[in-house]
Number of protein chains: 2
Amino acid sequence: MATIRDVASLAGVSRATVTRALQEPDKVSPARLSRVKEAIRVLGYRPNMLSQTFRKNQARTIVVLAPNLANPFFSKVIAGIVAAADERDFRVLVGATDGSVSKEFDFVRMVESRLADGIIQMNPFTLSERNAVLPHQHVPAVSVAGVPGTPYSCVRIDNRAAAKECILHLAASGHQKIGIVTGPTHNSNTMVRLEGVKAGLEEAGLSYNPNLVREGDFRMLSGLQATESLMQDGPDPKPTAIFCMNDEMALGAIRALHTLNLRVPEDVSIVGFDSLDFSAFFMPPLTTVEQPGYDMGVSSANILADIIEGVSAGQESHDVVLPYRFIIRQSTAPVRVD
Amino acid sequence: MATIRDVASLAGVSRATVTRALQEPDKVSPARLSRVKEAIRVLGYRPNMLSQTFRKNQARTIVVLAPNLANPFFSKVIAGIVAAADERDFRVLVGATDGSVSKEFDFVRMVESRLADGIIQMNPFTLSERNAVLPHQHVPAVSVAGVPGTPYSCVRIDNRAAAKECILHLAASGHQKIGIVTGPTHNSNTMVRLEGVKAGLEEAGLSYNPNLVREGDFRMLSGLQATESLMQDGPDPKPTAIFCMNDEMALGAIRALHTLNLRVPEDVSIVGFDSLDFSAFFMPPLTTVEQPGYDMGVSSANILADIIEGVSAGQESHDVVLPYRFIIRQSTAPVRVD
DNA sequence: CTGTTAGCGCGTTCAT
DNA sequence: ATGAACGCGCTAACAG
């Protein structure tokens, strides 16, 4: 592999001239410039980026931390991040943490060791835990799809308002017994959305009943199981509607109801959260909250790039709240009057 | 940020000793070792990986090229790649190509410029096109979920046999008119699976009718549209079964049939391909070919790492064929006898 | 076992 | 406009 030296000697100039020819061509005489270009062509010279990166002490690389790469909502966000990063000449490294704190820490060390310049965190910040890896000194970071109160920059929607709107929609349709399938109890998004649920119930003049709540893990199977539990072991009368804290669990819920010979939405209404592409094609199409995942990815990448490039101080942390959209499809209907 | 020099001077040793203390601790006397460790602790020293990477001239990074990050099957493969790469101390860079050849080329240049060590390509190699970016001199590469005949290492399933099995399953259930929804016509996987379709039809004593074939793009909407076209504009009698070349399109097909008031599988049987998690939860659960996406990711990452590390010559290219599994669920049934 | 020396490939002075 | 010289942080070769 040809180096800058080979180019210089073939062109009969100094290495500095080659560098200049590449970076500030107008500061090089036309004659030498063309000689250099020719030499580059002949040798098939490619600047060693590893060296450049080392010399400039920045990798132009950001790390995306995802608890679970299989989650399609995260895929959407990543797509946005990759697009925006590419635009600003940053590479994107994927970090699958599987929810492990030690893995997260490995990635923080990567930016400490300069192998990456910053982190985008998809796992919501947990206010209760003391051992959060982020924020971390000298580690530019942005939280995406997180919660208010995150002690560093954050791009999100108003989860509380969105969840509240879901409940109000159901209540307006006459539903009085509303089952809730949450994410993991300690998850901040679960907590915030649950606040919204309670606010919605209160505003609708309904009471919050913990017996109508089941913990899921944001995956389909848990939505299925939670729903079975709700409809079989739950208090009577059974819920006529279920709010699931993401679409995957909502699809699992619909499946469970089908198995129990209950129709959606005639017997039970279902509301999801996230708006996966699949959800519009499901039967029935799912009523859900659309998070602008791609845009959230774009926004978070740009904010992180700003911090890394020093455009943003990095001290004052942003809290960007993007608009969500509540989409009413066919999985919800007025409560049946028997 | 403390450098190795700071550590050396604080510990009162040479830089080389610090390096050794970090890499071959047993070759350093216990006394100095502890002095060095203490200095590292005090200074909070982290080796500059950028420098290491530069010095060793390898980034320990692989690039994954995906035409579309939103495709859940690719997400599965990526998850496997990330897990295996992590195991072998490689980082994973995601490259969204959007099917653009020039973007692919950018990533090839990244490995030429040493910013990455190799490439995993998810876009199948196209035999017909002459301007394929890969294989490329000095660019270790592995194709995953590709086709036989790929001129570099490849991890795949036997698409032809799998597609054939789908057709034979339908034929055995009495279906004579079988609609086909393909991927993009020029896509190699489409071509190979179509071969399997033809082989299956022939073995079943059925003829191949191009009028029963529609081109899709592997996305849900195209499956929906293709199915509408098949059931409305297609030749009579209408198909009693449709084979879709991936699950997303199959879900779109089911949706279309539902809108047309046709039941699945009573009126029309549907077979998919890939086995997404969603497909088992759909109504009805989808009969499909399960590709071991995660394992394919793991395998491809290991092969690439072998090539990069020189374990494998890189000259002789592997062609690893992993087993698929044909899963019969409830979207297929014997043809109805009127 | 240890320190000295010599680069890796490049960008960046600083003279000229 | 150009080249010589230095150094980024680290590892590897050699001598001791």
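Numbered from 1 within each chain, the chains take letters A, B, ... in sequence-line order. Side chains are part of it too, since the values below use all heavy atoms of this structure and drop only hydrogens, waters and symmetry mates.
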Checklist outcome for this item: Those residues at least two apart in sequence (or on a different chain) that pass ring pair (Phe, Tyr, Trp, His ring centres under 6.0 Å) with A/F54 are B/F54

Checklist entry - In terms of heavy-atom contacts, does CD of A/E87 have more than 12 from other residues, nucleotides or ligands at under 6.0 Å? => result no

Checklist entry - A/T97 and A/S100: side-chain donor and acceptor closer than 3.5 Å? => result no

Next on the checklist: Whole angstroms only, please: what is the CZ-P distance between B/R46 and D/dG9?
Outcome noted: 17 Å

Checklist entry - Under the salt bridge (Lys or Arg N to Asp or Glu O under 4.0 Å) test, which residues partner A/D106, sequence neighbours left out? => result A/R109

Item to check | Shortest non-hydrogen contact from A/V18 toward A/I4 | outcome: CG1-CG1, 3.6 Å

Next on the checklist: Does C/dG11 have OP1 or OP2 under 4.0 Å away from a side-chain N or O of A/T19?
Outcome noted: yes

Item to check | NZ/NE/NH1/NH2 to OD/OE distance under 4.0 Å, A/D86 and A/R91 | outcome: no

Next on the checklist: Pick the closest DNA chain C nucleotide for B/F54 and for B/S29 by heavy atoms, then say which residue is nearer the 5' end.
Outcome noted: B/S29

Checklist entry - Taking CZ from A/R114 and P from D/dC10, how many angstroms apart are they, rounded to a whole number? => result 12 Å

Next on the checklist: Looking only at the side chain of B/I4 (C-beta and beyond, no hydrogens), which of the listed nucleotides C/dG11, C/dT2, D/dC10 gets closest?
Outcome noted: D/dC10

Next on the checklist: Taking A/D306 first and then A/R88, would you say they form a salt bridge - that is, a charged N and a carboxylate O separated by under 4.0 Å?
Outcome noted: yes

Checklist outcome for this item: Rounded to whole Å, CG of A/L50 lies from C1' of D/dT11 at a distance of 14 Å

Checklist entry - With respect to the phosphate group of D/dC10, does any side-chain polar atom (N or O) of B/Y45 fall under 4.0 Å of OP1 or OP2? => result yes

Checklist outcome for this item: A/R35 CZ to D/dA1 C1', in whole Å, measures 13 Å

Next on the checklist: Does D/dG3 have OP1 or OP2 under 4.0 Å away from a side-chain N or O of A/S14?
Outcome noted: yes

Next on the checklist: I want to verify a distance call: between D/dA12, C/dG9, D/dG3, whose nearest atom is closest to the A/N48 side chain?
Outcome noted: C/dG9

Checklist entry - What about A/R15, does its side chain sit under 3.5 Å from the base of C/dG9 through a donor-acceptor pair? => result no

Next on the checklist: Need one value for A/V13: base, sugar-phosphate or nothing, where a base atom within 4.0 Å counts as base even if backbone is also close, heavy atoms only.
Outcome noted: sugar-phosphate

Checklist entry - Do side-chain atoms of B/S113 reach the backbone of A/P47 as a donor and acceptor pair under 3.5 angstrom? => result no

Checklist entry - For C/dG9, does OP1 or OP2 lie under 4.0 Å from any side-chain N or O of A/Q52? => result no

Next on the checklist: Between P on C/dG11 and CG on A/L22, what's the gap in Å once rounded to a whole number?
Outcome noted: 8 Å

Item to check | Short side-chain N/O contact from B/R55 to OP1 or OP2 of C/dG7, under 4.0 Å | outcome: no

Item to check | Nearest-nucleotide pick for A/A16, side chain only, options being C/dG3, D/dG3, C/dC10 | outcome: D/dG3

Next on the checklist: Under 3.5 Å, is there a donor on one side chain and an acceptor on the other for B/E104 and B/Q121?
Outcome noted: yes

Checklist entry - So what is the 5' to 3' dot-bracket string for DNA chain D, if pairs are Watson-Crick or G-U wobble with both distances under 3.5 Å, crossing pairs use [ ] and | means the partner sits on another strand? => result ||||||||||||.|||

Checklist entry - So, is B/R5 close to the D/dC10 phosphate, meaning a side-chain N or O under 4.0 Å from OP1 or OP2? => result no

Checklist outcome for this item: Separation of C/dG9 atom P from A/Q23 atom CD, nearest Å, is 17 Å

Checklist entry - Closer than 4.0 Å, any side-chain N/O of B/T17 to the OP1 or OP2 of C/dG3? => result yes

Next on the checklist: Mind checking if A/R20 touches a base, just sugar-phosphate, or nothing, with heavy atoms under 4.0 Å?
Outcome noted: base

Next on the checklist: Can you work out whether B/G12 or B/N57 has the more 5'-proximal nearest nucleotide on DNA chain C?
Outcome noted: B/G12

Checklist entry - Separation of B/K56 atom NZ from D/dA13 atom C1', in whole Å? => result 16 Å

Item to check | Separation of atom CD1 in A/I40 from atom P in C/dC10, rounded to whole Å | outcome: 10 Å

Checklist entry - What does B/D6 touch in the nucleic acid at a heavy-atom separation under 4.0 angstrom: a base, only the sugar-phosphate, or nothing? => result nothing

